[in-house]
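Below is one structure; the comments refer to it alone.
Everything numeric in this text was worked out from a predicted model, so none of it was measured.
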Amino acid sequence: MSPERAREVEELRAQAKAVLPQRLAELAARYGFTYNKVRIKHNSSNWGSCSELGNINLNLNLMRVPEDLRDFVMLHELCHLKHLNHGPEFHALLESVCPDHRAKQRALKEYKLI
């Protein structure tokens, strides 16, 4: 990684740590989800993940996408707290908290992880 890219990643990490945990807490409270821990990661393959222990990982690259897409990713991961798969129950829950989730998922594909 070039020094410029490393600097960019560290700036994104600082921004993500300042913004994402608070927003996740707001969304969780609004929709009645409870999670264990939240971590900010620099993954190259996903925007977020949820573990069986109720831990949520969010990619620092979320700071590079519009706020509504960040919220979509966080809601997606919060829904995994109840359904650790992408089955019908998961999609029904996601639909209830994010009715336009399909459009947001398509829009998110326009962004690349760095």
Side-chain angles (χ1 to χ4, degrees):
M1 183 181 310
S2 72
E4 295 81 19
R5 178 58 54 96
R7 210 170 12 262
E8 180 182 5
V9 166
E10 288 314 307
E11 288 173 13
L12 286 172
R13 185 183 314 279
Q15 291 172 6
K17 285 183 176 183
V19 171
L20 298 180
Q22 179 180 344
R23 183 61 178 155
L24 182 68
E26 291 169 2
L27 291 170
R30 179 184 303 163
Y31 294 105
F33 292 102
T34 303
Y35 57 92
N36 187 20
K37 296 177 188 171
V38 60
R39 290 193 173 98
I40 305 303
K41 303 274 191 164
H42 184 210
N43 296 337
S44 61
S45 62
N46 62 26
W47 292 100
S49 63
C50 178
S51 77
E52 290 180 7
L53 299 175
N55 297 323
I56 294 180
N57 297 312
L58 298 172
N59 195 316
L60 58 85
N61 280 281
L62 287 169
M63 297 310 298
R64 298 176 41 248
V65 305
E67 188 174 335
D68 66 321
L69 297 182
R70 280 187 230 157
D71 284 357
F72 158 69
V73 170
M74 289 187 259
L75 288 169
H76 180 108
E77 299 311 330
L78 288 168
C79 288
H80 277 311
L81 293 167
K82 306 233 187 234
H83 304 285
L84 277 172
N85 56 48
H86 289 112
E89 295 92 355
F90 167 82
H91 283 287
L93 180 57
L94 183 57
E95 179 82 21
S96 73
V97 298
C98 186
D100 59 348
H101 66 95
R102 287 181 181 89
K104 291 192 187 259
Q105 188 168 10
R106 283 191 300 275
L108 190 61
K109 290 182 188 215
E110 300 299 315
Y111 295 87
K112 304 295 179 220
L113 298 170
I114 60 167

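Side-chain contact between Arg23 and Met74 is present, with heavy atoms from C-beta onward closer than 4.5 Å. Considering only heavy atoms from C-beta on, Tyr35 comes within 4.5 Å of Leu24 through its side chain.
Atom-to-atom distance recorded for Ser51:OG and Leu81:CG is 8.5 Å, nearest 0.5 angstrom. For the atom pair NE2 of His101 and OG of Ser96, the computed distance is 9.0 Å after rounding to the nearest 0.5 Å. Atom CG of Asn59 is separated from atom CG of Leu113 by 5.0 Å, given to the nearest 0.5 angstrom. Summarising the geometry, atom OH belonging to Tyr111 is positioned 11.5 Å from atom CG belonging to Leu62; distances are rounded to the nearest 0.5 Å. Note that the CG atom of Leu69 and the NZ atom of Lys109 stand 13.0 Å from one another [nearest 0.5 Å]. With values rounded to the nearest 0.5 angstrom, Phe72 atom CZ is found 12.5 Å from Leu27 atom CG.
Applying the side-chain contact (heavy atoms from CB on, under 4.5 Å) test to Glu110 and every residue at least two apart in sequence or in another chain returns nothing. With sequence neighbours left out, the side-chain contact (heavy atoms from CB on, under 4.5 Å) criterion links Asn46 to Asn43, Ser49. A search for ring-ring contact (aromatic ring centres under 6.0 Å, His included) contacts involving His42 returns nothing, not counting sequence neighbours. Partners of Gln22 according to the side-chain contact (heavy atoms from CB on, under 4.5 Å) rule, which considers only residues two or more places apart in sequence or in another chain, are Glu26. The ring-ring contact (aromatic ring centres under 6.0 Å, His included) search around Phe90 returns His76, His80, His86, not counting sequence neighbours.
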Only distances under 3.5 Å count here; give the side-chain donor-acceptor pairs of residues 8-19 to other protein atoms, sequence neighbours excluded, each with its distance to 0.1 Å.
residue, atom, partner, partner atom, Å
Glu8, OE1, Arg5, NE, 3.4
Glu10, OE1, Arg13, NE, 3.3
Glu10, OE2, Arg13, NE, 3.4

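Between the side chain of Arg102 and the backbone N or O of Glu95, no donor-acceptor pair lies under 3.5 Å.
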(request) Apply the test side chain to side chain contact (heavy atoms under 4.5 Å, CB included) to residues Leu20 and Val38: give CA-CA distance (whole Å), side-chain angles for both, the deciding distance (0.1 Å), then the verdict. (result) CA-CA 9 Å; Leu20 298 180; Val38 60; over 6 Å; no
(message) Would Leu93 and Phe33 count as a side chain to side chain contact (heavy atoms under 4.5 Å, CB included) here? Give the steps.
(response) CA-CA 12 Å; Leu93 180 57; Phe33 292 102; 4.1 Å; yes
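Smallest separation of non-hydrogen atoms from Cys98 and Leu75: CB-CD1, 4.1 Å.
Leu84 and Trp47 are members of different hydrophobic clusters when ILVMFWY side chains are connected at heavy-atom separations under 4.5 Å.
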